*Asks:* 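Please read through the structure below; I'll follow up with questions.
Values in this document were obtained by computation on a predicted structure and should not be read as measured data. Along the sequence shown, residues carry numbers from 1.
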Amino acid sequence: MHQLANLYLLAYNSLQALGWAVSLSRILSSFLDTRSFNGAYASAGDLVCLLQTVSFLEVVHGAIGLVPSGVLLPLMQWGGRTHFLLAIVRRIVEVQELPSVFITFIAWSISEVIRYSHYALHCMGSCPSCITYLRYTAFILLYPVGVAPGEMWLMYQALPFIKRKNISHYYFVWVVLLCYPFLWLKLYLHLFKQRRSKLGKHDGKKRR
C-alpha cells in the first residue's frame, strides 16, 4: 500500500512540476516575443487554471493522511488562489492583460516548479540538497511578490468591473482584500516554521 501511495504521489507531483514548467515557458516566451507583460493570461491562463483546480487533490491528500500537511492551510491557499483565478481573472476580461497577472503567474510558476520537483524527488528518495534549499528559501521572495503586487493589486484593480457586474461579489472581494494580509501572514509564518524545521534537520545531518 505504501508503495502504491508513493507511486501515485510521484506521478502527481511530476505532472504538476511539468505543467508549471510549461506554464512558465509559455509566459516567458510570450514576453520575449512581444516585449510586453500583457500576454501572460492568453499564453498560459487555461493551463494555470487547470493546474490550480486539480491541486484541490492536495487538500484530499492531507485529509486522508496521504501526506502530513493537514487540511486547513492547503485549503486556505487553494481557496484563495482559485477564487482569484476563476472568479476574477478568468471572468473579467478587462483585467487579463494587466501586469499583475504576469507578476502573479511568474511567481506561482517558479515556486510551484520548485515545490513539486522537490516533492517528486523526495518520493524517489534522491532529492539534492540544493533543491531542498530552494524549496524552503525561494518562497521568502516569491510569496510576497505573488501576493502584494500580484493577487491583491489585481483584485483591487478589478473592483470597478466587479461592481458593474455583481454588487454582492464586489463587497465579498472587499472583505477578501481586508482579510488577505492576515491570512497571508499566517501562511507565510507557517512556511518559515517549515524552513527552520527542514533546513535545520538538513544542516544537522551535514554536520554529522
*Asks:* Could you tell me whether the side chain of Trp184 reaches within less than 4.5 Å of the side chain of Pro144, counting heavy atoms only?
*Replies:* yes
*Asks:* Does the side chain to side chain contact (heavy atoms under 4.5 Å, CB included) test come out yes or no for Arg90 and Leu85, once each step is laid out?
*Replies:* CA-CA 6 Å; Arg90 192 173 182 84; Leu85 269 177; 6.0 Å; no
*Asks:* May I ask you to check whether Phe192 and Phe139 place their ring centers less than 6.0 Å from one another?
*Replies:* yes
*Asks:* Start with the C-alpha gap between Tyr170 and Arg164, add the side-chain angles, then the distance that decides, and say whether side-chain hydrogen bond (donor to acceptor under 3.5 Å, both in side chains) holds.
*Replies:* CA-CA 9 Å; Tyr170 170 80; Arg164 288 204 295 266; over 6 Å; no
*Asks:* Verify side-chain hydrogen bond (donor to acceptor under 3.5 Å, both in side chains) between Glu58 and Ser69, making sure each step is shown before the conclusion.
*Replies:* CA-CA 9 Å; Glu58 291 163 44; Ser69 60; over 6 Å; no
*Asks:* One pair to check against ring pair (Phe, Tyr, Trp, His ring centres under 6.0 Å): Tyr156 and Trp153. What are the steps and the verdict?
*Replies:* CA-CA 5 Å; Tyr156 179 77; Trp153 180 235; 5.5 Å; yes
*Asks:* Are the aromatic ring centres of His61 and Phe56 under 6.0 angstrom apart?
*Replies:* no
*Asks:* Partners of Lys165 by salt bridge (Lys or Arg N to Asp or Glu O under 4.0 Å), sequence neighbours excluded?
*Replies:* Glu94
*Asks:* Going by distance alone, is a donor N or O of one side chain under 3.5 Å from an acceptor N or O of the other, for Glu151 and Trp108?
*Replies:* yes
*Asks:* So do Leu57 and Tyr8 actually touch side chain to side chain, heavy atoms under 4.5 Å?
*Replies:* yes
*Asks:* State the CZ-CZ distance between Phe31 and Phe102, to the nearest 0.5 angstrom.
*Replies:* 5.5 Å
*Asks:* Would you check if Ser55 and Tyr12 make a side-chain contact, meaning some heavy-atom pair closer than 4.5 Å?
*Replies:* yes
*Asks:* Say whether, by atom type as modelled, one donor and one acceptor occur between the side chain of Ser100 and the main chain of Pro149 under 3.5 angstrom.
*Replies:* yes
*Asks:* Taking side chain as C-beta onward, heavy atoms only, is Thr137 less than 4.5 Å from Ile140?
*Replies:* yes
*Asks:* Any side-chain heavy-atom pair from Tyr116 and Leu18 closer than 4.5 angstrom?
*Replies:* no
*Asks:* Are Leu47 and Val113 connected into the same hydrophobic cluster when the rule is that any two of I, L, V, M, F, W, Y join if their side-chain heavy atoms are below 4.5 Å apart?
*Replies:* yes
*Asks:* Minimum heavy-atom separation for Asn13 and Cys123, please, with both atom names.
*Replies:* ND2-SG, 4.3 Å
*Asks:* Would you sort out whether Leu98 and Asn38 count as a side chain to side chain contact (heavy atoms under 4.5 Å, CB included), showing the intermediate values?
*Replies:* CA-CA 6 Å; Leu98 294 177; Asn38 299 347; over 6 Å; no
*Asks:* If you define the side chain from C-beta out and look only at heavy atoms, does anything of Arg115 sit under 4.5 Å from Arg135?
*Replies:* yes
*Asks:* Tell me, with the steps shown, if Phe172 and Ile162 meet side chain to side chain contact (heavy atoms under 4.5 Å, CB included).
*Replies:* CA-CA 10 Å; Phe172 175 77; Ile162 296 170; over 6 Å; no
*Asks:* Which heavy atom in Ile27 sits nearest to a heavy atom in Ala44, and how many Å separate them?
*Replies:* CG1-CB, 3.7 Å
*Asks:* Is the number of heavy atoms from other residues, nucleotides or ligands under 6.0 Å of Arg81 CZ greater than 12?
*Replies:* yes
*Asks:* Under 6.0 Å between ring centres: does that hold for Phe161 and His169?
*Replies:* no
*Asks:* Distance from Lys186 atom NZ to Leu73 atom CG, nearest 0.5 Å?
*Replies:* 6.0 Å
*Asks:* One pair to check against side chain to side chain contact (heavy atoms under 4.5 Å, CB included): Phe84 and Gln52. What are the steps and the verdict?
*Replies:* CA-CA 11 Å; Phe84 170 81; Gln52 178 56 36; over 6 Å; no
*Asks:* Is there a side-chain contact between Ile88 and Leu154, using heavy atoms and a 4.5 Å cut-off?
*Replies:* yes
*Asks:* Ignoring hydrogens and angles, state whether a donor on the side chain of Tyr133 or His118 is under 3.5 Å from an acceptor on the partner side chain.
*Replies:* no
*Asks:* Between Ser23 and Gly19 (side chain of the first, backbone of the second, donor and acceptor by atom type, cut-off under 3.5 Å), is there such a pair?
*Replies:* no
*Asks:* Do Leu66 and Leu72 sit in the same hydrophobic cluster, where Ile, Leu, Val, Met, Phe, Trp and Tyr count as joined when their side-chain heavy atoms come under 4.5 Å apart?
*Replies:* yes
*Asks:* How about Leu191 and Tyr136: do any of their side-chain heavy atoms sit closer than 4.5 Å?
*Replies:* no
*Asks:* Taking all heavy atoms of Ile114 and all of Ala138, pick out the closest pair and write down the distance.
*Replies:* CD1-CB, 3.8 Å
*Asks:* Taking all non-hydrogen atoms of both residues, which atom of Tyr41 and which atom of Cys49 are closest, and how far apart?
*Replies:* OH-SG, 4.2 Å
*Asks:* Of the non-hydrogen atoms in Thr132 and Cys127, which two are nearest, and what is the gap between them?
*Replies:* OG1-SG, 3.6 Å
*Asks:* For Glu112, is there any backbone N or O sitting under 3.5 Å from a side-chain donor or acceptor partner on Gln16?
*Replies:* no
*Asks:* Is it true that a side-chain atom of Ser29 and a backbone atom of Arg26 form a donor plus acceptor pair closer than 3.5 Å?
*Replies:* no
*Asks:* Nearest 0.5 angstrom please: Leu159 CG to Trp174 CH2, how far?
*Replies:* 5.5 Å
*Asks:* Do you know the tightest heavy-atom contact between Leu121 and Pro128?
*Replies:* CD1-CD, 3.8 Å
*Asks:* Same cluster or not: are Leu24 and Ile131 linked, directly or through other Ile, Leu, Val, Met, Phe, Trp or Tyr residues, by side-chain heavy atoms under 4.5 angstrom apart?
*Replies:* no
*Asks:* Please enumerate all residues that pass side chain to side chain contact (heavy atoms under 4.5 Å, CB included) together with Pro181, with sequence neighbours excluded.
*Replies:* Met152
*Asks:* Out of curiosity, does Leu50 fall in the hydrophobic cluster containing Val22 (side-chain heavy atoms, cut-off under 4.5 Å, transitive links)?
*Replies:* yes
*Asks:* If we ignore hydrogens and angles and just use 3.5 Å, is the side chain of Thr82 paired with the main-chain N or O of Gly79 as donor and acceptor?
*Replies:* no
